[in-house]
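The structure appears below as structure tokens.
We count residues from 1, following the sequence as given. Only this structure's heavy atoms are used, side chains among them; waters, hydrogens and symmetry mates stay out.
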Amino acid sequence: SRSPHPSDNVIRIGHIGDFTHRQEMLPLIEVVKKLTTSNLPMPWEFHFAGYTPEELDGHPNVRSFPYIKGVDAFHAWLR
């Protein structure tokens, strides 16, 4: 299935992985927190497929989805 969003001009950034990728996600956690306080001209969302860092659970701009196996499948899902 595809990412559940219409064509609505929202900037979406995706990450696929499991908890073993936590260390590489640490800088991303800080970026999401900083973007929350910034005044961007377009709405944005981070889409995590597989693992969402606990620090971002419940964040209004973060969406969590089940793991999607393979980068090609993830790219197809985002389109």
For residues His21 and Gly17, report the shortest heavy-atom separation together with the two atoms involved.
CD2-CA, 3.8 Å

Where is the tightest heavy-atom contact between Thr52 and Ser64, given as atom of each residue plus distance?
OG1-OG, 2.6 Å

Can Glu54 and Ile29 be said to form a side-chain contact (heavy atoms from CB on, under 4.5 Å), step by step?
CA-CA 10 Å; Glu54 298 82 21; Ile29 293 167; over 6 Å; no

Side chain proximity check, Met25 to Glu55, heavy atoms < 4.5 angstrom
no

Quick check: Phe65 with His47 (ring centres under 6.0 Å apart)?
yes

Name all residues meeting the ring pair (Phe, Tyr, Trp, His ring centres under 6.0 Å) criterion together with Phe48; count only those two or more places apart in sequence or in a different chain, and write none if there are none.
none

Testing the basics here: between Val32 and Trp44, what is the closest heavy-atom pair and its distance to 0.1 Å?
O-CH2, 3.9 Å

What I'd like to find out is whether the side chain of His59 reaches to under 4.5 Å of the side chain of Phe46, using heavy atoms alone.
no

dist Ile11:CD1 -> Asn61:CG (nearest 0.5 Å) comes out at 11.0 Å

Restricting to non-hydrogen atoms, name the atom on Pro66 and the atom on Ala49 that form the minimum distance, rounded to 0.1 Å.
O-CB, 3.7 Å

